[in-house]
Amino acid sequence: MLPLIPYPTTMNLSGGTCRFNPDTLVFQEQSTLPHEGYHLSITPTQTVLAFADDAGRFYGEQTLQQLTSPDGTVPLGEIEDAPRFSWRGFMIDSSRHIQTVDEIKAFIAAAARYKLNVFHWHLCDDQGWRFESERYPRLNEIGAFRNGWGFGNPNPERYGGLFTKAQIRDIIAFCAARHITVVPEIDMPGHSAAVLKSYPHLSCIGDAADVPTGAGVFSSVLCAGKEETFEFCCGILEEVMDLFPGKYIHIGGDEVPKDNWDACPLCQKRIADEGLKDSEDLQGYFTARICAFLREHGKTPIGWNEVLNAGICPQDMVATKWWDRENRCDAFANSGGKIIMEETAHVYLDYDYHRTPLRQTYSYDLQPDTLTAAGKQNVLGIEAPIWTEWVETFSRMGYMCFPRLLAVAELGWCGKAPTDYPAFRQRAEAQRAALDALGVTMAPAEDWDPEDT
Ligand code: ACM
Ligand code: ZN
């Protein structure tokens with residue numbers, strides 16, 4: 001079996017090989033091929049790579065690169081290939097621990113090799129703001145830093161930093177060259193401790209707790225009763241839209257404790273004035289206002305599945321299914337809403353291999369039968385996050401993500417596992433040298449499925 005990931009849809013190989021000669025490579029535009037698809041035809045005298053668009057050409061080139069053995073030979077025959085899902089994503093949390101630009105690029109280059117096409121960038125959270133803002137400079141000076149990190153025995157050193165606009169532009173261009181869309185996330189109204197430390201007047205109770213130095217869900221949420229909160233959120237989103245050219249903007253919405261809202265006179269007044277039921281509905285009101293703003297600017301908002309908890313979620317927003325206790329994403333997709341599959345039990349790459357063995361990631365069903373036939377069509381694809389509370393170094397990040405992200409890439413491209421699991425493990429192991437060459441660490445094979453031996 002050829003060591004390809006993702007495994008191509010259709011292969012018709014003769015069994016022979018030839019030495020690959022780049023001078024005989026012919027590119028052919030063929031509009032009948034699908035978006036992102038390609039056709040490779042390899043004979044001893046020439047290789048023809050046909051595609052309908054630039055992404056298809058890029059993916060054909062990735063396959064050709066993977067097909068080429070260390071001795072420079074390629075198999076003879078035909079490959080016809082196209083992705084099953086349009087959303088093949090990975091998320092990097094740059095808040096809990098920040099990465100360098102070169103580390104982010106190395107990770108992106110690895111993702112592109114496996115035909116992933118969405119980089120969801122988690123740019124802010126309680127533990128640090130990482131997006132350089134011109135309008136709100138206190139985010140850069142205060143929100144981007146915290147006093148160390150850790151439980152019990154925190155390292156007292158100041159920790160932090162951010163990505164400048166020039167660095168972000170550089171990363172967006174690096175992604176564009178690899179047909180990867182960058183989806184920035186500004187998480188609101190929860191996970192906002194770093195914002196509130198910078199601008200305490202945006203909270204319900206004027207609190208300015210320190211930027212936290214440990215993991216958790218905090219009650220530091222933006223006040224939904226104040227107009228200043230909406231001015232701030234829309235102001236930041238304008239800066240984000242000026243920088244990120246993509247159609248999608250992620251607005252978070254996860255894990256929003258309602259205790260401050262329940263106790264806040266302004267939030268309670270908003271609930272009464274708008275005829276809302278409770279603080280859960282108030283989050284729905286908040287989400288709807290932010291979504292309307294993004295829509296006016298031609299953007300499509302995305303939120304974590306909690307945005308569905310209030311009964312009033314805009315139908316044209318995309319929901320990311322991560323931990324959907326009430327299965328609201330199913331109902332949302334069944335009634336026409338778009339969803340992205342990103343469930344903790346299968347693709348949370350911060351969970352260790354004991355909790356989420358590679359086998360479990362590879363068995364993720366992206367179109368479960370809890371969805372109707374129409375609901376299945378509303379699954380945009382798959383995404384896997386690497387949350388970095390416990391991921392301090394880039395080599396640790398590589399260890400946690402690879403090979404599980406290879407399984408994600410293959411499921412996103414193929415729809416479901418194209419080969420049996422042992423064959424996938426072999427194909428994954430065959431990627432080690434290429435990942436090494438990109439500076440990305442892969443976990444040793446004995447760690448992938450700890451309970452199997
Ligand atoms: C999440 O893991 N809080 C989306
Ligand atoms: Zn409030």
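Below, all heavy atoms of this structure are taken into account, side chains as well, without hydrogens, waters or symmetry copies. We count ligands from 1, going down the list as the structure has it; atoms in each ligand are counted the same way. Numbers here are sequence positions counted from 1.
Donor-acceptor pairing under 3.5 Å is recorded for the side chains of H120 and E383. No side-chain donor-acceptor contact under 3.5 Å links Y353 and D447.
With ligand atoms numbered from 1 in the order given, ligand 1 contributes 1 (C), 2 (O), 4 (C) to contacts under 4.0 Å with heavy atoms of W387. Listed by atom number, the atoms of ligand 1 under 4.0 Å from E255 heavy atoms are 3 (N). Near Y348, meaning under 4.0 Å from one of its heavy atoms, ligand 1 places the atoms 1 (C), 2 (O), 4 (C).
Rounded to 10°, the angle formed at the Zn ion (ligand 2) by C204 SG and C264 SG is 110°.
Remark: aromatic rings of W413 and Y114 are distant, center separation not under 6.0 Å.
The shortest heavy-atom distance from W323 to ligand 1 is not under 4.0 Å.
In terms of protein heavy-atom proximity, atom 3 (N) of ligand 1 is nearest to D254 OD2, 2.7 Å.
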- For K105 and D170, what are the C-alpha separation, side-chain angles and deciding distance, and is it a salt bridge (charged side-chain N to carboxylate O under 4.0 Å, His left out)? CA-CA 10 Å; K105 284 184 176 174; D170 181 28; 2.9 Å; yes

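Across I302, T300, V307, a single residue satisfies side chain to side chain contact (heavy atoms under 4.5 Å, CB included) together with M317, and that is V307.
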